[in-house]
Amino acid sequence: MMDKPADTKHSIHELIAARWSPRAFAPSPVETNHLYRIFEAARWAPSSFNEQPWGFIVATKNDLEAHRSIADCLVEGNRRWAEFAPVLMVSIAKLAFDHNGRPNRHAYHDLGQAVALMLVQATDLGLVAHQMGGFDQDTARAKLSIPDDYDPVAGIALGYPGDTEKLPRELKAAENEPRQRKGLEDFVWSGVFGASTLFESPVEPTLKGD
Ligand SMILES: Cc1cc2nc3c(=O)[nH]c(=O)nc-3n(C[C@H](O)[C@H](O)[C@H](O)COP(=O)(O)O)c2cc1C
């Protein structure tokens, strides 16, 4: 499979630059200790009130029935490539705080951070992952026994990189497209919303008596 490192304007950690979302997965299984390591990385994500409102329902091809249950939740456009991934999961977010029962408006934010750290760790282990919003939440809730106080958020396909050439033609084309991002000026503002992204060099503090 191809590497598609981010074409960055400023240098970033190579693991962050290397991560991308391919659709071709090798059939090789993911070692159990690698699975533990990626979830351990997720475990150490920060979260509001340290509530850790994330959850992951995971199936490997060791349990084909469980793997198929997750694949069955995906929309067809995702299922057609994701079902070949040796590991499928669905991330879930707990919507109310344990400590007071109130809505946790940071639940999705915190789950996203846990997934981001998981993916950095996965990249370091030579794994690739592809997240999917395209799945049926009601099917997931029913098939995966997700309780009402959790929201199914994203499907995630995980495995070792596969052979892009084996993908159907239209998927192969998408796989080769360059990775695009907005510019920093489109989402980072100086002081107030919309103000241009200009960081001045810090002024050295003047010590009293200087
Ligand atoms: C929450 C979420 C939902 C996504 N849903 C899908 C999806 O249903 N199908 C798909 O092919 N890719 C999906 N993606 C992958 C994005 O399209 C991809 O991350 C984005 O284009 C950036 O590409 P990169 O991850 O290779 O940098 C999703 C990503 C996220 C984070």
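The structure displayed is predicted, hence computed values, not measured ones. Hydrogens, waters and symmetry mates play no part in the numbers below; they use all other heavy atoms, side chains included. When a ligand or atom number is given, it counts from 1 through the structure's own listing order.
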Min side-chain heavy-atom separation M132-V75 under 4.5 Å: no

Crowding at CD, E14 (>12 non-hydrogen neighbours, <6.0 Å): no

ILVMFWY clustering at 4.5 Å (side-chain atoms), partners of V58: V30, L35, I38, F39, W54, F56, V87, M89, L95, Y108, L111, V115, M118, L119, L125, L127, V153, I156, L158, Y160

With the criterion set at N/O pairs under 3.5 Å, what does the list of contacts between the protein and ligand 1 look like, atom names and distances included?
residue  : atom   : partner : partner atom : Å
ligand 1 : 5 (N)  : G133    : N            : 2.7
ligand 1 : 8 (O)  : N78     : ND2          : 2.9
ligand 1 : 8 (O)  : G133    : N            : 3.3
ligand 1 : 8 (O)  : G134    : N            : 3.0
ligand 1 : 9 (N)  : N78     : OD1          : 2.8
ligand 1 : 11 (O) : R23     : NH2          : 2.9
ligand 1 : 11 (O) : H130    : NE2          : 3.2
ligand 1 : 12 (N) : H130    : NE2          : 2.8
ligand 1 : 14 (N) : Q131    : O            : 3.0
ligand 1 : 19 (O) : S21     : OG           : 3.4
ligand 1 : 25 (O) : R19     : NH1          : 3.0
ligand 1 : 25 (O) : R19     : NH2          : 3.3
ligand 1 : 25 (O) : S21     : OG           : 2.4
ligand 1 : 26 (O) : S21     : N            : 2.9
ligand 1 : 27 (O) : R19     : NH2          : 3.0
ligand 1 : 27 (O) : R179    : NE           : 3.2
ligand 1 : 27 (O) : R179    : NH2          : 2.7
ligand 1 : 27 (O) : R181    : NH2          : 2.8

Set of side-chain hydrogen bond (donor to acceptor under 3.5 Å, both in side chains) partners for D136, sequence neighbours left out: T139

Side chains of E185 and S196 in contact at under 4.5 Å (non-hydrogen atoms): no

Pairing residues for H99 by the ring-ring contact (aromatic ring centres under 6.0 Å, His included) criterion, not counting sequence neighbours: F49, F97

